[in-house]
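Residue numbering restarts at 1 for every chain, and letters A, B, ... go by the order of the sequence lines. Just so you know, these numbers use all the heavy atoms, side chains as well, and skip hydrogens, waters and symmetry mates.
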There are 2 protein chains.
Amino acid sequence: MIDFVTIKEVKLKLGELCKSKRQSYDMSQEDLAEAIGLSRYTIQKFENGKNATLDTVLKIANHFALLKQLKKAIDKTIEDENNISLY
Amino acid sequence: MIDFVTIKEVKLKLGELCKSKRQSYDMSQEDLAEAIGLSRYTIQKFENGKNATLDTVLKIANHFALLKQLKKAIDKTIEDENNISLY
DNA sequence: TATAATTGTTTATTATAATACACAAAAATA
DNA sequence: TATTTTTGTGTATTATAATAAACAATTATA
């Protein structure tokens, strides 16, 4: 399995997720921006795969109730780190 | 289940994950910084839960081969969005 | 315990994300 | 089709993340 994932790809995916969630809530970019105290331009850029700050990403994730899921994933990754493979 | 997860918590968790991965590879902050072309100060701040850019986070994730896992998680979240609950 | 390595912290500077406008293009809707 | 809404894009300014360098405080190791 030789499928590389690039940083750019992930940024585009994150933007896609934001757009997908936002539309499911019937919100415009303006609505979302206002709801979480960011400018529409920041949302606009994020949804199109541009660089952003962690705070921006997490504010969006928080608004769409994704923080718990994210924390769990991080916890699991840390735990996996400690369990040395038995094989 | 009323367990809130805050943005600050997640940032601290991400820093913890970075430190955990880094140490498992027997790298110092300086080693990691050099390996991915960032300054040690940037790694230092990230590991201690400060704000960072998405690029910084993804460069670190990429170095520890976590991008594929991340992309999968995003894809799954997007898919879940489209599958309206059947219950 | 002395030495070396790593981490934490400070200051000044540079690069860039975020903001606030405005306006055009595109999409939705009346 | 006309009107409204939403999205995309540009420019200038502000806020702040990233860098670089030095030094103190810890932690590891000889």
**Item:** Test log, rule side chain to side chain contact (heavy atoms under 4.5 Å, CB included), inputs A:Leu14 and A:Glu47
**Value:** CA-CA 7 Å; A:Leu14 283 173; A:Glu47 286 194 354; over 6 Å; no
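Checking A:Thr53 against A:Met27, the closest nucleotide of DNA chain D that is more toward the 5' end is the one next to A:Met27. Both B:Tyr41 and B:Asp31 sit near DNA chain C, but only B:Asp31 has its closest nucleotide nearer the 5' end.
Counting non-hydrogen atoms under 4.0 angstrom, A:Lys45 reaches a base of the nucleic acid. Among the heavy atoms of the strands lying under 4.0 Å from B:Gln29 are primed sugar atoms or P, OP1, OP2 only; no base atom is included.
Straight-line distance from the CG atom of B:Leu14 to the P atom of D:dA17: 15 Å, rounded to whole Å. Here D:dT6 presents its C1' atom at 14 Å from CG of A:Leu32, a figure rounded to the nearest Å. Between B:Ile36 atom CD1 and D:dA18 atom C1' there is a gap of 12 Å when expressed in whole angstrom units. One interatomic measurement links the two molecules: CG of B:Asp55 to C1' of C:dA18, which rounds to 15 Å at whole-angstrom precision. Put simply, CG on B:Leu54 is 12 Å from C1' on C:dA17, counting in whole angstrom units. In this structure, the CD atom of A:Glu30 is 13 Å from the C1' atom of C:dC21, given to the nearest Å. Atom CZ in B:Arg40 sits about 19 Å away from atom P in D:dA17, given to the nearest Å. Atom NZ in B:Lys11 sits roughly 12 Å away from atom P in D:dT16 (whole-Å rounding).
Judged by the 6.0 Å distance and 45° axis criteria, A:Lys21 is not positioned over the aromatic ring of A:Tyr25.
The two atoms that bring A:Leu17 and A:Leu66 nearest to each other are CD2-CD1, 4.3 Å, heavy atoms only.
The existence of a salt bridge linking B:Lys59 and B:Asp55 is excluded, since no basic side-chain nitrogen approaches an acidic carboxylate oxygen closer than 4.0 Å.
In terms of phosphate contacts, A:Asn51 brings no side-chain nitrogen or oxygen within less than 4.0 Å of OP1 or OP2 of C:dT16. Taking only side-chain nitrogens and oxygens, A:Gln44 comes nearer than 4.0 Å to OP1 or OP2 of D:dG8. Taking 4.0 angstrom as the limit, A:Arg22 places a side-chain polar atom (N or O) nearer than this to OP1 or OP2 of D:dT7. A sub-4.0 Å separation between OP1 or OP2 of C:dA17 and a side-chain N or O of A:Thr56 is absent. For C:dT19, the OP1/OP2 oxygens have a side-chain nitrogen or oxygen of A:Thr42 closer than 4.0 Å.
Interatomic distance, A:Met27 CE to A:Ile43 CD1, rounded to the nearest 0.5 Å: 9.0 Å.
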